Amino acid sequence: MYGLVNKAVQDLVCSEFGEDAWKDIVELSGLEVGRFVSMTNYDDEVTYKLVNAAAERLGLTAEQVLEAFGRYWTKFTVREGYGELIRRSGATVEEFLAELDNMHTRVALSFPELRPPSFELERTDAGLMLHYRSEREGLAPMVVGLLEGLGSHFDEEVEVEQVEHRAEHGHDVFRLRIQKIEPA
Ligand code: 1MF
């Protein structure tokens, strides 16, 4: 994945746990790199190694780290200069998700090595379903965090329940309940 992702992991760890924790994590991960370049594409293994090392160092599960990463991602990308890209893609979580594949297509014009997942919304009698398809394995917990983080960004409360799993169903499906948070 592009270095932007690894930088987000670094930024999250440093801001919540400090530089020393980050140094330990890099050492535990066995990676040679000390810093990441946003626009360089790295092997996915780099990200997985960082996540596993962070889990070990911080006493969390890898799933908890992925979820925390997901919650952090939108905030991070806004700060890194992608706020306009996000703003142009919608004003609510639902609008944004409906536009996300198009947004990734636009990003991929500039960054051709991007391998974006696909998100598809479906309204059913059981509620609003989000279909998540990815080349990458094991990232469903990250998607749960991404949805919560998007909620914070748009002042909405997003309740996420995974109702189908890739292992049995071929791809992950989440049921969403979204409520606008009204200003007090
Ligand atoms: O292949 C990739 O390198 C890659 C990197 C990031 C693919 C996707 C993404 C974004 N995605 C991360 C989880 C991927 C999980 C998977 O592969 O199954 C998050 C997508 C997402 C989901 C829900 C809500 C918001 C989301 O993201 C919004 C977003 C997505 C992409 C960018 C910014 C915000 C982005 C912008 C520029 C990029 C890369 C991604 O490229 C850069 C950036 C700086 C310098 C060079 C390239």
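Residue numbers start at 1 and run along the sequence shown. Computed from heavy atoms alone, side chains included, the values below leave out hydrogens, waters and symmetry copies. Counting starts at 1 for both ligands and their atoms, in listed order. A quick note: this is a predicted structure, and the numbers were derived from the prediction, not measured.
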What I want to find out is whether D24 reaches R57 closely enough, with some N-O distance under 4.0 Å, to be called a salt bridge. yes
Only one of I178, T74, V160 passes side-chain contact (heavy atoms from CB on, under 4.5 Å) with L147, and that residue is V160
With H131 as partner, the option from E122, E164, H169, E120 fulfilling side-chain hydrogen bond (donor to acceptor under 3.5 Å, both in side chains) is E122
Self-check item: Carboxylate-amine/guanidinium contact R123 E94, below 4.0 Å
Solution: yes
Review point. Do ligand 1 and E113 have nitrogen or oxygen atoms that lie under 3.5 Å from each other?
Key: no
Would you indicate whether E84, at its atom CD, is surrounded by more than 12 heavy atoms from other residues, nucleotides or ligands within a distance under 6.0 Å? yes
Checking heavy atoms under 4.0 Å, the part of V5 that sits near ligand 1 is side chain
> Any chain of hydrophobic side-chain contacts (each under 4.5 Å) joining F119 to L121?
Replying inline: yes
of all protein heavy atoms, closest to atom 13 (C) of ligand 1 is M142 SD, 3.5 Å
Exercise for review: Indicate, with yes or no, if the rings of F36 and Y42 have centres closer together than 6.0 Å.
Suggested key: yes
Nearest non-hydrogen protein atom to atom 45 (C) of ligand 1, with distance, is M39 CG, 3.0 Å
In terms of its nearest heavy atom to atom 15 (C) of ligand 1, the top option of L139, D44, L97 is L139
Residues passing the side-chain hydrogen bond (donor to acceptor under 3.5 Å, both in side chains) test with E99, sequence neighbours excluded, are N102
Contact region, R136 to ligand 1, non-hydrogen atoms below 4.0 Å, reads side chain
re atom 3 (O) of ligand 1, the protein heavy-atom contact at minimum distance is Y2 N, 2.9 Å
Per-atom filter on ligand 1: closer than 4.0 angstrom to a heavy atom of L114 are 1 (O), 2 (C), 3 (O), 4 (C), 5 (C), 7 (C), 39 (C)
Q) Quick one: do E27 and K23 make a salt bridge, cutoff under 4.0 Å? A) no
Open item on the list: Test your reading of the structure: does T74 have an N or O sitting under 3.5 Å from an N or O of ligand 1?
Closed with: no
Exercise. Answer yes or no: does an N/O atom from S38 fall short of 3.5 Å to an N/O atom of ligand 1?
Key: no
for atom 25 (C) of ligand 1, nearest protein heavy atom and its distance come out as F96 CE2, 3.7 Å
Note: ligand 1 atoms sitting under 4.0 Å from heavy atoms of M103 are 29 (C), 30 (C), 31 (C)
In this structure, CG of L97 is separated from CG of L146 (nearest 0.5 Å) by 9.5 Å
Going by the 4.0 angstrom heavy-atom rule, the piece of H104 near ligand 1 is side chain
Rounding to 0.5 Å, atoms CZ (F96) and NE2 (H153) come to a distance of 7.5 Å
For S134, the atoms of ligand 1 under 4.0 Å from one of its heavy atoms are 16 (C), 17 (O), 18 (O)
for atom 38 (C) of ligand 1, nearest protein heavy atom and its distance come out as V107 CG1, 3.6 Å
One finds that the ligand 1 atoms under 4.0 Å from a non-hydrogen atom of M1 are 2 (C), 3 (O)
Logged contact type for L100 with ligand 1, heavy-atom cut-off 4.0 Å, is side chain
* Is there at least one pair of N or O atoms, one from T77 and one from ligand 1, spaced under 3.5 Å apart? -> no
protein heavy-atom neighbour closest to atom 27 (O) of ligand 1 works out as W73 NE1, 3.1 Å
Salt bridge D44-R136, side-chain N to carboxylate O under 4.0 Å = yes
What about Y82: any of its N or O atoms under 3.5 Å from an N or O on ligand 1?
no
Under 4.0 Å from one or more heavy atoms of Y132, ligand 1 contributes atoms 15 (C), 16 (C), 18 (O)
So for L150 against ligand 1, with non-hydrogen atoms under 4.0 Å, the contacting part is side chain
Ranking F69, Y42, F119, F111 by closest non-hydrogen atom to atom 41 (O) of ligand 1, top hit is F111
